[in-house]
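Order of the sequence lines fixes the chain letters, A, B, ..., with proteins taken first and strands second; residue numbering starts at 1 for each chain.
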Protein chains: 2
Amino acid sequence: MTASPADTEADWLRLDRQICFALHAASRAFNGVYRVVLKDLGLTYPQYLVMLVLWEQGDLPVKKLGEQLRLDSGTLSPLVKRLEAAGLVRRERSAEDERSVRVHLTEEGTRLRERALEVPRRIMRSTGFDLAEIADLRSRLDRLTGALDAAATAQARPGD
Amino acid sequence: MTASPADTEADWLRLDRQICFALHAASRAFNGVYRVVLKDLGLTYPQYLVMLVLWEQGDLPVKKLGEQLRLDSGTLSPLVKRLEAAGLVRRERSAEDERSVRVHLTEEGTRLRERALEVPRRIMRSTGFDLAEIADLRSRLDRLTGALDAAATAQARPGD
DNA sequence: CACAACTAAGTTGTGCACAATTAAATGGCC
DNA sequence: GGCCATTTAATTGTGCACAACTTAGTTGTG
């Protein structure tokens with residue numbers, strides 16, 4: 001006698017609880033560690049992500065920032081305004097296309113990079129993972145994200 | 001001549017951008033797929049997590065729910081109130097300890113479980129991962145969360 | 001008993017995520 | 001040139017996460 005269908009389904013629910021909780025909790029735990037480390041810099045975790053992109057790629061329009069970080073203007077507009085209020089960036093309407101707003105690093109924003117250089121190692125120590133494990137986890141997560149995004153897109157436009 | 005320290009540090013920043021973005025994005029992508037699947041049930045992703053715990057373990061005080069999900073009353077109080085407004089749970093002050101509020105499933109909340117049984121498989125399909133990969137990812141994430149929580153605790157209480 | 005220490009929920013304030021909408025600018029097309 | 005679809009930001013509204021604080025109930029100790 002095998003398990004009844006109802007039991008099997010219940011097992012799925014339990015498994016689902018485990019996996020979605022694992023990812024949810026990992027994300028929040030990561031966020032929490034960054035919160036502590038970034039407090040010295042006066043940045044939140046998403047603000048740090050924006051600064052990382054700007055440090056790496058230079059000034060960008062909000063649109064490009066959003067593509068890099070998969071965030072829309074509803075999230076980025078107020079976030080960038082807070083960075084501007086903190087004196088780390090300036091927002092400037094593009095002259096050639098006045099719809100576009102380019103985000104520039106200020107002197108202070110550029111200087112902050114020096115202090116941010118120590119962040120990654122402090123985080124690495126907190127994870128207890130070595131470089132190979134981090135890289136492996138990253139590739140799995142990227143694959144997962146890609147599959148999930150594709151699935152979401154497929155559901156949004158079933159006929160495509 | 002090896003790379004200068006500055007270059008090495010810059011590499012760390014780039015790596016950090018990659019890994020923290022990977023986890024952040026994976027979490028949001030997961031959230032997005034659940035959002036679509038759970039819309040039929042009228043639940044958000046965190047509300048679904050609460051319901052999963054209640055379906056599995058029966059009625060619980062808010063305190064216990066918070067321990068299971070690592071969420072505090074600031075998050076849970078309004079969330080549970082919304083579940084109550086939706087008719088899925090009732091909140092009742094405990095008679096023996098009037099500080100405690102026990103969350104009970106209503107008839108409707110219990111019935112919703114039947115409809116939720118299909119959720120996990122729809123999610124699994126979206127991930128494109130098989131059971132073994134899911135289990136493996138989960139164990140890595142749990143280990144990561146454990147290490148991060150431990151590190152956060154150590155930083156909060158350096159002398160312990 | 002009285003009072004301090006602790007505990008469980010709830011409240012307030014800040015910031016992020018995202019859907020839906022709006023506003024302004026641009027570009028194509030007749 | 002006039003009109004319309006598209007694009008870029010910003011705004012509005014809902015919900016979650018979390019820190020800090022408040023309120024009310026409980027427990028331990030003198």
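Within the 4.5 Å cutoff, the side chain of B/Val101 has no heavy atoms near those of the B/Val80 side chain.
Because its NZ or CZ atom is both nearer than 6.0 Å to the ring centre of B/Phe129 and within 45° of the ring axis, A/Arg143 counts as a cation-pi partner of that residue.
Going from atom CZ of A/Arg28 over to atom OG1 of B/Thr75 covers 7.5 Å, rounded to the nearest 0.5 Å. Of the inter-residue distances, the one linking A/Ile19 atom CD1 with B/Thr127 atom OG1 reads 8.5 Å to the nearest 0.5 angstrom.
Distance, B/Arg28 CZ to D/dA17 C1': 15 Å, rounded to whole Å. Atom CG in B/Leu79 sits roughly 16 Å away from atom C1' in C/dT11 (whole-Å rounding). Distance B/Leu60 CG to C/dA9 C1': 16 Å, rounded to the nearest Å. With rounding to whole Å, B/Glu96 atom CD is found 15 Å from C/dT7 atom C1'. Note: CG (A/Leu65) to P (C/dA17) measures 13 Å, nearest angstrom. Rounded to whole Å, atom P of C/dG15 lies 12 Å from atom CG of A/Leu43. If you measure from atom CG of B/Leu83 to atom P of D/dT14, you get 17 Å, rounded to the nearest angstrom. One atom, CD of B/Glu84, and another, C1' of C/dA9, lie 14 Å apart when rounded to the nearest Å.
The distance between the ring centers of A/His24 and B/Phe30 does not fall below 6.0 angstrom.
Distances were taken from every side-chain heavy atom of B/Asp72 (C-beta onward) to each of D/dC18, D/dG25, C/dC18; the shortest belongs to D/dC18.
Sequence order on DNA chain C of the closest nucleotides to B/Lys39 and A/Leu71 puts A/Leu71 first from the 5' end.
A search for salt bridge (charged side-chain N to carboxylate O under 4.0 Å, His left out) contacts involving A/Arg17 returns B/Glu56, not counting sequence neighbours.
In this structure, D/dG28 and C/dC3 make a Watson-Crick or G-U wobble pair, each of the two defining distances being under 3.5 angstrom.
A salt bridge does not link B/Arg93 with B/Glu98: none of the charged nitrogens is closer than 4.0 Å to a carboxylate oxygen.
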- Message: At under 4.0 Å between heavy atoms, how does the protein contact nucleotides 7-12 of chain D? Give one character per nucleotide, 5' to 3', with B, S or -.
- Response: BSBBB-

